[in-house]
Amino acid sequence: MTSAPTRTAGGSARVPDKPTLEGLEARWSAVWAKEGTYAFDRTAERAAVYSIDTPPPTVSGSLHVGHVFSYTHTDCIARYQRMRGKAVFYPMGWDDNGLPTERRVQNYFGVRCDPSLPYDPGYQPPAEPGKQQQPVSRRNFVELCEQLTATDEQAFEQVWRQLGLSVDWSQVYTTIGSAAQAASQRAFLHGLARGEVYAAAAPTLWDVTFRTAVAQAELEDRERPGAYHTLAFPRTVGGDPVLIETTRPELLAACVALVAHPDDERYQPLFGSTVRSPLFEVEVPVVAHPLAEPDKGSGIAMICTFGDLTDVTWWRELDLPTRPILGRDGRIVTDPPPGLDSAQGRARFETLAGTTVFTARERTVEMLRETGELVGEPKPITHPVKFYEKGDKPLEIVTSRQWYIRNGGRDEQVRDRLIARGAELAWYPPYMKGRYDNWVGGLNGDWLISRQRFFGVPFPLWYPLGGDGEPDFTRPILADDAALPVDPSSDVPPGYAPEQRGRPGGFIGDPDVMDTWATSSLTPQIAGGWERDPDLFSRVYPMDLRPQGHDIIRTWLFSTVVRADAEFDALPWARVMLSGWILDPDRKKMSKSKGNVVTPLSLLVEHGSDAVRYWAASGRVGTDTAFDTGQMKVGRRLAMKVLNVSRFVLGLGADASALQAPVTAAVDRALLAGLADVVDRATAAFESYDYTRALEAAEDFFWAFCDDYVELVKVRAYGEGPAADAVGSAHAALTTALSVLLRLFAPFLPFVTEEVWSWWQDGSVHAAHWPDSAPLRDAAGVDAAPALLATAGAVLSAVRKAKSEAKVSQRAAVARASVSAPADVVTQVTAAADDLRSAGSIADLAVQARDGELTVDVVLAQASDG
RNA sequence: GGACGCUUAGCUCAGCGGGAGAGCGCCUCCCUGACACGGAGGAGGUCACAGGUUCAAUCCCUGUAGCGUCCACCA
């Protein structure tokens, strides 16, 4: 089955005998690709465009159910907007840049990057990853990254097509691609020119495993076991030693001061005096700072360069000296720090040199025991320790030269401006804005964007080398805008020759790459063609919608606002729609490490994409949602029902021409009046990004349509029964309702609605216009009451109940049904009387006006099969 | 330590000032000319707890507890 069924030339609907959901995904995704159903109309003016800043999934990971969930939400919005007549700009991005890819390439191929090696053009990775990782050059490594991500991206695209995302697949970007590199470098150079980008040598959070700096936004706390060690610092002028508590005795040699709160009477006499550090005998001052907490430990702390971020604050604000002892590999350095002058101290430092933090701690404690400067035994505790979110060793703090972007972390005015930007943004759901405010308000440093890694966007600059071969960091050589993207490790700066690389008087490239977020913070610009395609950019930017997870408000959302604010002095989009997590049945976030992740493709194949989308759409915006195959089964039942009821409606001999016929019967007019209300409700829900409510409105009506309306008019629709002459009205109402319902469901169930649409309509349902309630009300007539259908349904229910309780078939005949109800309800029953008699097999339908609830007395006909 | 969200039928969740709802699951029945990947009917809840506002509170306010999440300077 390679082609879709098409309408026959005669105009009558072509309905399969046995409609099925199997194979709809493959068939229709192929048709959509071939027809360009979702292609962006580049001639549309900005006002007629709806543009989406798609989250680029990390291709080095795998797609999981959470992706299916949240991308479905976006797709429902995209499809709705498209049917509203918007030219929808819905690109797809792949985040293939950065550390996750490096790690995947290392494991997949069994290689590691050694930037000192030369490029090997004929390099082939080992067939099987060996025990030892094979060193390869940086360029070879990057090539392997590109090779693997290309494969991954194909697999991802297959899943998205199977899911039915209405992405324009000609609008694909990758965060490592040249457009992304050029945009990242251009934004960097603009920022440098404006001054919000700068380089500084400063204490920096450092991951010793990956040997790279890490930004504040990428930190997470983990509870780790530790121990308080009480250390005695002898006073230089005599008197009792000062006792401090520390969890990091191995940093003792890096101690530069002791600090206590200025109001702490216990230590006030000591301020201005000095003590001598245990073991290393370095004289350090006792100083006062309000950040010291009197009730924490002994109330006085040792300041090391650097044990934690508080140390950095104290060091900076109290203007203390630097005694770094930790190398970038996480080991104690070989040379003792400045100030460590005593022979005994140096000898003791010698025993620590080159050891890991862990070993250094053990040896320091051992030595402290020997000298008696460890007071009591270490007291085990559990405390939060900072980790890089992708790392597995605690972060250290080292001083290094890094690139930063001002994000308000050190400037209250900038912070206030960015909080004001956040207030301009429409948040769905609104309460998520609090997380943004919370994060921006709590920033404590600028955004560190340089990483000492390989697979990323390089910084577009070089440094001149002096006659001594030392780089002059104060006079970077910037790339020309027209030359972007550049790779300073292979490209040559303007005015230099290749041979001058690394030579005195020549140049060297900046060796670092940008943090992934420095690129993904520009996705609206990258996807929209900023500086690359100004015509496109003018039609799509700023974008209409940023869909994303609430967990990356502090990273992706905030950083994107920062970049757009700096470059354009405006928000990058009008609104953000946050999606929740998928929880497993134990209410825990589903995660790979727990092994409770279901692969999306198998899920889509097992339940059908429409069914999985139905489940996803039942998760409200921003709400964590349970993984629930039961909901998928419900979705599948709904899709099946759509097929079958469509087969019924279109199998009556009615076709698209029936849509034009007048609707005269009371029940039919009530249906259309009710449908008009549903259209209004679904439309209003979509306009407020409540796709779930839009689905519910359509679904509720649809089941009433199937269970009550279709049953009521079935006989008449066959052209039989007492009201057979109103057959045309039934056909008109049935086809009209079908047309409207298919379009209301189209954003959620794109496959089954397209299948049915193809039986009797031209073109794609996804290019059809979203239903309008006004023509439905016109067709229903001013006096049509949706309540009539509910009343008729209630009478029908009462008859069904009588049959159910008598345990007879619903087809069983009713001798007499007596309805009593208030006068206005009686009027409705009378208007539907013919249809009711047919649907209930009622011989005699009697009505009586009386105050009170509607009641129905049912007398079944004598059973004939006794 | 701060902040946000949640707590309604066995399960998943709507409702949010005046009658306690849906779907699933469960029970009973029905092979009726769109559908057995179906249809009809039914049982099932002191709306977390304690106060307050109101003629009226699941819904508003205050507090408590539990669950979840985000943030916070590791002595």
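The figures that follow rest on heavy atoms only: side chains count, while hydrogens, waters and symmetry mates do not. Here is the naming used below: chain letters follow the sequence lines, and residue numbers restart at 1 for every chain.
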So, are [X] and [Y] salt-bridged, with charged N and O less than 4.0 Å apart?
{"X": "Arg636(A)", "Y": "Glu22(A)", "result": "yes"}
{"X": "Arg222(A)", "Y": "Asp392(A)", "result": "no"}
{"X": "Glu699(A)", "Y": "Lys641(A)", "result": "no"}

ask   = For Asn444(A) and rC73(B), is the shortest distance between a side-chain N/O and OP1 or OP2 below 4.0 Å?
value =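 Yes.
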inquiry  = So, OP1 or OP2 of rC35(B): does either fall under 4.0 Å of a side-chain N or O from Lys18(A)?
reply    =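 So the side-chain polar atoms of Lys18(A) never come under 4.0 Å of the phosphate oxygens OP1 or OP2 of rC35(B).
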Once you apply a heavy-atom cut-off of 4.0 Å, does [X] come out as touching a base, just sugar-phosphate, or nothing?
{"X": "Glu396(A)", "result": "nothing"}
{"X": "Arg224(A)", "result": "nothing"}
{"X": "Asp311(A)", "result": "nothing"}
{"X": "Cys304(A)", "result": "nothing"}
{"X": "Gly441(A)", "result": "nothing"}
{"X": "Ser841(A)", "result": "nothing"}
{"X": "Glu220(A)", "result": "nothing"}
{"X": "Leu738(A)", "result": "nothing"}
{"X": "Trp703(A)", "result": "sugar-phosphate"}
{"X": "Arg800(A)", "result": "sugar-phosphate"}

request  = For nucleotides 20-29 of chain B, just jot down a letter per nucleotide in 5' to 3' order: B, S or -, based on protein non-hydrogen atoms under 4.0 Å.
outcome  = ---SS---SS
inquiry  = Given rC71(B), rU32(B), rC35(B), identify the nucleotide with an atom nearest to the side chain of Arg811(A).
reply    =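 Given the options rC71(B), rU32(B), rC35(B), the side chain of Arg811(A) is closest to rU32(B).
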query = Taking the side chain of Arg620(A) as heavy atoms from C-beta outward, which of rA14(B), rG39(B), rC71(B) is closest to it?
reply =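 When the side chain of Arg620(A) is considered, rA14(B) is the closest of rA14(B), rG39(B), rC71(B).
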message = Without decimals, in angstroms, what is the distance between Gln810(A) CD and rA40(B) P?
response =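 To the nearest whole Å, that distance equals 8 Å.
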task = Test Phe69(A) against every option in Trp615(A), Tyr614(A), Trp581(A), Phe627(A) by the ring pair (Phe, Tyr, Trp, His ring centres under 6.0 Å) rule and name the one that passes.
result =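 Going through the options one by one, the only one that passes is Trp615(A).
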task = Would you name the heavy atoms of Trp759(A) and Ser646(A) that are closest together and state the gap between them?
result =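 The pair with the smallest heavy-atom distance is CZ3-CB, 3.7 Å.
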ask   = Name the stems with RNA chain B in them: runs of three or more consecutive Watson-Crick or G-U pairs, distances under 3.5 Å?
value =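 Output for stems: B:1-7 with B:65-71, B:10-13 with B:21-24, B:26-30 with B:38-42, B:48-52 with B:60-64.
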ask   = Can you find a pair of side-chain heavy atoms, one from Val621(A) and one from Asp690(A), that are under 4.5 Å apart?
value =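 A side-chain contact under 4.5 Å is absent here.
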key: Donor/acceptor link under 3.5 angstrom from Lys386(A) side chain onto base of rC74(B)   =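 No pair found.
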